[in-house]
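Keep in mind that the numbers below use all heavy atoms, side chains included, and drop hydrogens, waters and symmetry copies.
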Amino acid sequence: MVKPCKARAHVERDVKAFWPSATEDDAKPDGEDDYDLRNVLDSILKIHCTHSEPDFLIPWQRQHQSTSTSSGFVIEIGTEGGEKKRRVMTNAHSVDYGSIIQVQRRGQSEKYQARIEAQANECDLALLEVEDESFWEGLEPLNFGDLPMLQDEVEVLGYPTGGDSLSVTKGVVSRIELQEYTQATSFLLAMQIDAAINSGNSGGPVVNEDRKIVGVAFQGLEGAENIGYVVPVTVVQHFLEDIQRHGRYTGFCTFGISYYMLENASFRRSLGMKDGMSGVRIGSVDPTAASLNILQKNDVILEIDGISLGNDGKVPYRPGERVAMNCYLHTKFDGDFVSVKLLRDGEIFENVRVPVSIQRRLVPAHFQNQPPPYVVVAGLVFTVLSIPYLYAYDAWADYVSDKICYLLNHVDKPLEKSTDQMIVLTQVLAHPKNLGYDKLQDLHLKKINGKDVKSLQHFRQLLSDCQDEYIRLELAPDDYCIVLERASMDQITKEVCEEHFISKDYVLRSNADSSAIDCTVNGS
C-alpha cells in the first residue's frame with residue numbers, strides 16, 4: 001500500500017535568482033555609465049548574408065550559395081547637403097556578392113533587410129542602409145575616437161563563432177604599420193592587436209576605454225594565436241570622407257611609381273647624394289599615373305610635404321614609430337598635390353608639386369560585386385585575368401602549372417591605358433568543328449590576325465570588324481595558335497551556348513567603369 005507523502009511547507013523564493021526579468025523597468029541600468037554601456041552594446045549588430053558568388057572559371061554560372069554571419073555597428077555619416085544619416089558599417093567581405101543581407105539587433109529575433117550603399121574592397125569596409133524605420137528606434141550611433149598608442153587597451157565587440165550572443169574581447173595594440181588587406185590584396189595602414197579576431201568578429205568595432213571607435217576588426221593571422229588585424233580609425237574616416245566628397249567611394253591615392261630603397265652608401269654616392277641625405281630611387285612611373293610627366297626614373301625622393309624620407313622608404317609617424325611613405329599618400333584624395341623635394345642628376349629641386357591619383361593594376365582584385373566579363377567564340381571561352389580567377393586555381397600553392405606561373409607574373413603590372421585588360425582563354429567547350437583545341441586552357445590571348453588585343457571589348461570589336469576568311473588567334477606562353485573559320489564561327493557559338501545553357505554569349509565591362517555591364521543574347 002502506497003502511503004501519501006506529507007505536505008511540505010511552502011517556501012517563498014525569488015524567481016530572479018533563477019531567471020532574470022526581461023521587462024523594461026527591471027532592465028533599467030543603475031547609473032549613467034551603465035546606461036552608456038548599454039547604448040554602445042545595443043548598437044553592435046549581427047549581419048546575416050547569403051552569398052551568391054560567380055564561378056570565375058565558368059563565368060556565366062554562379063557557385064552554390066553560401067551563408068555567413070558577421071558583425072556591424074551603427075554610425076552617423078554626413079551628406080553633401082550637410083544632413084546626417086545613420087548607417088550600418090561592416091566589412092566588405094562580409095557582404096561580398098550578397099544576394100540577401102539582413103541585420104539583427106542585440107537581444108531581438110527579428111531580422112531587417114539591408115542593402116549595400118557603399119563598398120570599398122581595398123580597405124575592406126562597407127556601408128549598409130536599412131529602409132525600415134522601426135529598425136532604428138532606440139539605436140544610437142557610435143562615436144569615433146583617436147588612433148590609439150602602442151600598448152593601449154582596446155575591446156573587440158561582435159558576434160564571433162562559438163555562440164549567438166554578443167562577445168567582448170580585450171587586448172592591447174601591438175603595432176601599427178602597412179599590412180596587406182586580403183580582400184583586395186591591397187596594402188594600407190593596419191593595427192595589430194593581441195585579441196583574437198575569429199570568424200564572425202569581422203566588421204565589429206574595436207573601441208577604447210571611452211567606448212569610442214578606434215578601428216574595425218577585419219582579419220586574423222592564419223596559424224597564429226591572439227593576433228588580429230584592425231582597420232584603423234584614420235582609414236575608416238578617409239573612407240567616409242571620400243564618400244561625402246564624391247558621393248561614392250573612389251579609392252586610395254599614390255604617386256603611381258615603383259621605387260627602390262637606398263640603404264647602400266655606394267649606391268647613394270653614385271646618385272650624387274651627400275652625407276646626411278636619405279630617400280628612395282624611382283624605378284618606374286606608371287603610364288596612367290597623374291605624376292607621369294613630373295617624376296622620372298632615377299629621381300630620388302628626399303622629402304614629401306616637408307617630411308624627410310628614410311633610405312628604407314619610411315617616414316616618421318609618431319614618437320618611436322615609422323611607416324611606409326604610401327601610408328602618408330593614402331591620406332590624400334584624387335587630384336590633391338604633394339610638395340616633393342627631388343634629387344635629379346645631382347641637382348636638388350625644392351617644392352615640386354606632384355599630383356596623386358588612384359591607380360588600378362592590369363589584373364583587377366575584384367569586379368565590384370558584379371559577375372566577371374567573358375566572351376564565348378566558337379566554343380572558346382575568354383575572360384579577364386583577375387585575382388579571383390587565380391585564387392580559383394589555387395595559384396599561390398607550392399606547385400602550379402607553367403601556364404599559371406606565366407599568368408602570375410602579370411599580377412603586379414601597371415595599366416598602359418585605363419581600359420586595358422589581360423584576356424585569358426579559360427577553357428574550350430567541345431564542338432565537332434573546334435576539335436584539337438578542346439584541351440587548351442589558361443592561355444593569354446595576345447593577338448588576333450596580327451593585331452594586339454587590348455581588352456575583352458577590343459577583342460570582340462576586332463572579331464566584328466574582321467573580314468578575312470580565317471581568324472588566327474595567337475596565345476602565350478609557348479606561342480600557341482588557334483585558327484577559326486569566320487563563316488561558321490557564329491553558328492558554332494550559337495550551338496555551343498544552346499548545349500551548355502549559356503543565355504548570353506558575352507558580358508563586357510571596362511576597367512574605367514567597372515559598374516558598366518554590356519550583355520547580349522547569344523546568336524544576336
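- Remark: Ile294 engages Val352, Val354, Pro355 in a side-chain contact (heavy atoms from CB on, under 4.5 Å) (not counting sequence neighbours).
- Ionic pairing of Arg115 and Glu129 is present here: one or more N-O contacts between side-chain nitrogen and carboxylate oxygen are shorter than 4.0 angstrom.
- Here the side chains of Val424 and Leu445 are not in contact, with every heavy-atom distance at 4.5 Å or above.
- In terms of heavy atoms, Thr288 sits closest to Ser418 at CG2-N, 3.9 Å.
- A salt bridge does not link Lys494 to Asp505: none of the charged nitrogens lies less than 4.0 Å from a carboxylate oxygen.
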Stepwise side-chain contact (heavy atoms from CB on, under 4.5 Å) test for Phe73 and Val88: CA-CA 5 Å; Phe73 55 98; Val88 175; over 6 Å; no

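- Ring geometry for His238 versus Phe252: interplanar angle under 30°, hence parallel rather than tilted (30 to 60°).
- Environment of NZ in Lys433: sparse, with no more than 12 heavy atoms of neighbouring residues, nucleotides or ligands closer than 6.0 Å.
- With 3.5 Å as the limit, one finds a donor-acceptor pair spanning the side chains of His246 and Asp242.
- At most 12 non-hydrogen atoms from other residues, nucleotides or ligands lie less than 6.0 angstrom from CG of Asp479.
- Between Cys49 and the options Thr90, Ile101, Val103, a side-chain contact (heavy atoms from CB on, under 4.5 Å) holds for only Ile101.
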Arg87 and Glu117: CA distance, side-chain angles, deciding distance, salt bridge (Lys or Arg N to Asp or Glu O under 4.0 Å) verdict: CA-CA 9 Å; Arg87 291 293 183 264; Glu117 183 175 83; 3.0 Å; yes

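- Checking Tyr260 against Asn298 by side-chain atom types alone, no donor-acceptor pair falls below 3.5 Å.
- Side-chain contact, Gln359 with Thr254: no donor N or O sits under 3.5 Å from an acceptor N or O.
- Shown here is Asp402, whose CG atom has no more than 12 heavy atoms of other residues, nucleotides or ligands within 6.0 Å.
- What you find for Tyr393 and Thr426 is that their closest heavy atoms are OH-O, 4.1 Å.
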Leu425/Asp442 under side-chain contact (heavy atoms from CB on, under 4.5 Å): CA gap, chis, key distance, verdict: CA-CA 5 Å; Leu425 173 65; Asp442 306 324; over 6 Å; no

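- Looking only at atom types and distance, the side chain of Asn369 has a donor-acceptor partner in the side chain of Gln119 under 3.5 Å away.
- Between Gln61 and Ile58, the closest side-chain pair of non-hydrogen atoms falls below 4.5 Å.
- Within 6.0 Å of atom CG in Asp164, 12 or fewer heavy atoms from other residues, nucleotides or ligands are found, so the atom counts as exposed in its surroundings.
- Minimum heavy-atom separation, Ile47 to Leu128: CD1-CD1, 4.2 Å.
- His51 and Thr67 share no donor-acceptor pair across their side chains, judged by distance under 3.5 Å alone.
- Cation-pi contact between Arg486 and Tyr470: absent, since separation from the ring centre below 6.0 Å together with deviation from the ring axis within 45° is not met.
- The closest side-chain heavy-atom distance from Pro414 to Arg361 is below 4.5 Å.
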Full working for side-chain contact (heavy atoms from CB on, under 4.5 Å) between His431 and Tyr437: CA-CA 10 Å; His431 185 277; Tyr437 305 139; over 6 Å; no

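- Looking at Glu495 and Gln491, their side chains do bring a donor and an acceptor atom within 3.5 Å of each other.
- Leu415 is not listed as a side-chain neighbour of Asp286, based on a closest heavy-atom distance of 4.5 Å or more.
- With a 6.0 Å radius and a threshold of 12 heavy atoms from other residues, nucleotides or ligands, Lys85 has its NZ atom above the threshold.
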Residue pair Asn121, Gln183: steps toward the side chain to side chain donor-acceptor pair (under 3.5 Å) verdict: CA-CA 6 Å; Asn121 288 289; Gln183 171 66 4; 2.6 Å; yes

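- Summarising the geometry of Leu188 relative to His330, their closest heavy-atom pair is CD2-ND1, 3.3 Å, with the distance given to 0.1 Å.
- At a cut-off of 3.5 Å, with distance as the only test, a side-chain donor of His366 or Glu122 sits close to an acceptor on the other residue.
- Residues meeting the side-chain contact (heavy atoms from CB on, under 4.5 Å) test with His48, sequence neighbours left out: Lys46, Thr69, Gln102, Gln104, Lys111.
- Ser52 OG to Ile100 CD1: the interatomic distance, rounded to the nearest 0.5 Å, is 10.0 Å.
- Note on ring orientation: taking the six-membered ring where Trp is involved, the planes of Tyr181 and Phe218 are parallel (angle under 30°, cut-offs 30° and 60°).
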Working for side-chain contact (heavy atoms from CB on, under 4.5 Å), residues Tyr159 and Ile44: CA-CA 9 Å; Tyr159 295 87; Ile44 314 303; 4.1 Å; yes

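- Neither side chain, Thr419 nor Ser455, offers a donor N or O lying under 3.5 Å from an acceptor on the other.
- If you check the side chains of Asp194 and Ser174, you find no donor sitting under 3.5 Å from an acceptor.
- Side-chain atoms of Ser94 and Ser70 form a donor-acceptor pair, as typed in the model, at a separation below 3.5 Å.
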